[in-house]
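In what follows, every heavy atom counts, from backbone to side chain, and hydrogens, waters and symmetry copies are set aside. What you see is a predicted model, and the numbers here were worked out from it, not measured in a lab.
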Amino acid sequence: MIPAAFEYVRASSVDEALALLAEHGEDAKLLAGGHSLLPLMKLRLAVPSVLIDVGRLRELSFVDERDDHIAVGALTRHHDLDVSPVLRREVPLLSAAAHSIGDPQVRHRGTLGGSLAHADPASDLPAVALATRATLVVRGPAGERVIEADDFFRGFLETALEPGEILAEVRFPKLASAGWSFQKFTRRAQDWAIVGVAAVRNGTAGVALVNMGSTPVRAAAVEQALASGASVDEAASLAAEGTDPPGDLHAGPDFRAHLARVLVRRALEEASR
């Protein structure tokens, strides 16, 4: 449980972080809150030669209300997502999901961008990004580009981020008038979700699942059924379609599929009130 030796560098700006990434190449890793990366390093599943600490870049920690969306800096911490009045009013699903993560110490260290860039299918916030149809703003050597959440998660712990790029901002549509729900089944309080569901109903439906595959996954069959006029029960019965739930010591694939159907039904019922 001791990481391999590495060099530590603290970046003082995004431009400096990008320059350091360019200098050290694919052997370098960005360090924000560290809750995802450091355990992997202790298990030697990640062995970066250089850690570039971006955790103190205030320019990437913000919640800004803009014309048709809320822009959230990648280094905005879970606690700040939870207590932001703007997010509680305009994207309450994000605040609720952030509040459900770990304990106060975790929420004061973990960051939105770290959670999305790590792309753990058991994390809560990637499902929120999918359900709300968020867009992610990435900065790199070629400039800035915008990626739809649906196109960001590519595989297990793999995203559309290219070498040398940094996730800078996440844009959430304003959803003050939408119904929403975040459901999560855990073995113990503050644990990772065995299965979770993020749901939004705003004319159309956005439903995404936690821990039901090798990537954060949209419940496409549920969304299509609702768009075709299916009832909540009918749509929820399709929650596991197109997914590949993992099996582990805590739950097998069949149990996770059952949980997905139950939690999606609860989420849609709550979001429909």
Side-chain angles (χ1 to χ4, degrees), residues 1-64 70-84 86-87 94-95 97-120 122-126 128-129 134 136-141 144 152 157-159 161-172 190 192:
M1 299 292 285
I2 299 175
F6 58 88
E7 181 184 351
Y8 172 88
V9 185
R10 179 181 295 166
S12 58
S13 68
V14 173
D15 288 341
E16 183 181 2
L18 291 172
L20 288 166
L21 281 173
E23 176 185 348
H24 295 286
E26 295 186 19
D27 291 334
K29 290 284 187 184
L30 295 174
L31 175 68
H35 278 79
S36 299
L37 177 59
L38 296 183
L40 290 180
M41 290 175 63
K42 288 180 178 179
L43 294 170
R44 305 219 174 186
L45 297 174
V47 192
S49 59
V50 180
L51 275 187
I52 302 170
D53 188 350
V54 295
R56 298 188 184 185
L57 299 186
R58 302 305 300 170
E59 62 187 294
L60 293 185
S61 178
F62 58 84
V63 176
D64 286 344
I70 306 298
V72 184
L75 291 180
T76 306
R77 300 191 184 275
H78 302 331
H79 170 77
D80 297 319
L81 302 176
D82 175 13
V83 302
S84 163
V86 173
L87 289 176
L94 177 59
S95 292
H99 181 75
S100 78
I101 296 172
D103 55 27
Q105 291 143 313
V106 169
R107 293 195 290 275
H108 277 85
R109 291 295 303 169
T111 64
L112 171 64
S115 177
L116 300 186
H118 188 56
D120 189 333
S123 293
D124 301 329
L125 299 185
V128 174
L136 292 80
V137 181
V138 168
R139 289 177 59 183
E144 184 176 289
F152 188 72
L157 305 183
E158 180 185 356
T159 71
L161 281 168
E162 298 290 343
E165 289 186 328
I166 184 171
L167 176 59
E169 177 181 309
V170 186
R171 296 171 179 168
F172 294 90
Q190 302 175 355
W192 296 84

Over all atoms of both residues, closest heavy-atom pair of [X] and [Y]:
{"X": "A32", "Y": "L75", "answer": "CB-CD2, 3.6 Å"}
{"X": "L21", "Y": "A28", "answer": "CD2-CB, 4.4 Å"}
{"X": "G34", "Y": "P39", "answer": "O-CD, 3.6 Å"}
{"X": "A97", "Y": "L125", "answer": "CB-CD2, 4.0 Å"}
{"X": "G102", "Y": "R107", "answer": "O-NH1, 3.0 Å"}
{"X": "S13", "Y": "E59", "answer": "CA-OE2, 3.3 Å"}

[atom1]-[atom2] distance between [X] and [Y], expressed to the nearest 0.5 angstrom:
{"X": "I101", "Y": "S115", "atom1": "CD1", "atom2": "OG", "result": "6.0 Å"}
{"X": "E169", "Y": "L112", "atom1": "CD", "atom2": "CG", "result": "10.5 Å"}
{"X": "T111", "Y": "L57", "atom1": "OG1", "atom2": "CG", "result": "11.0 Å"}
{"X": "R139", "Y": "L167", "atom1": "CZ", "atom2": "CG", "result": "11.5 Å"}
{"X": "D80", "Y": "S61", "atom1": "CG", "atom2": "OG", "result": "5.5 Å"}
{"X": "L37", "Y": "L51", "atom1": "CG", "atom2": "CG", "result": "6.0 Å"}

Tell me, with the steps shown, if D120 and W192 meet side chain to side chain contact (heavy atoms under 4.5 Å, CB included).
-> CA-CA 11 Å; D120 189 333; W192 296 84; 4.1 Å; yes
Chi angles and distances behind the side chain to side chain contact (heavy atoms under 4.5 Å, CB included) call for F172, V72 = CA-CA 8 Å; F172 294 90; V72 184; 3.9 Å; yes
Would you find more than 12 non-hydrogen atoms of other residues, nucleotides or ligands less than 6.0 Å from L45 atom CG?
-> yes
Is a side-chain donor or acceptor of [X] paired with a backbone partner of [Y] at a separation under 3.5 angstrom?
{"X": "S95", "Y": "L81", "answer": "yes"}
{"X": "S84", "Y": "L87", "answer": "yes"}
{"X": "T76", "Y": "F62", "answer": "yes"}
{"X": "E16", "Y": "S12", "answer": "yes"}

Sorted by chain and number, sequence neighbours left out, ring pair (Phe, Tyr, Trp, His ring centres under 6.0 Å) with H108 holds for H79
Sorted by chain and residue number, the ring pair (Phe, Tyr, Trp, His ring centres under 6.0 Å) partners of H35 (sequence neighbours excluded) come out as none
Evaluate the criterion side chain to side chain contact (heavy atoms under 4.5 Å, CB included) for residue pair V54 and L31; output intermediate values, then yes/no.
-> CA-CA 6 Å; V54 295; L31 175 68; over 6 Å; no
May I have the step-by-step check of side chain to side chain contact (heavy atoms under 4.5 Å, CB included) for I52 and K29, ending in yes or no?
-> CA-CA 6 Å; I52 302 170; K29 290 284 187 184; over 6 Å; no
Is a salt bridge present between D82 and R77, judged by a nitrogen-to-oxygen distance below 4.0 Å?
-> no
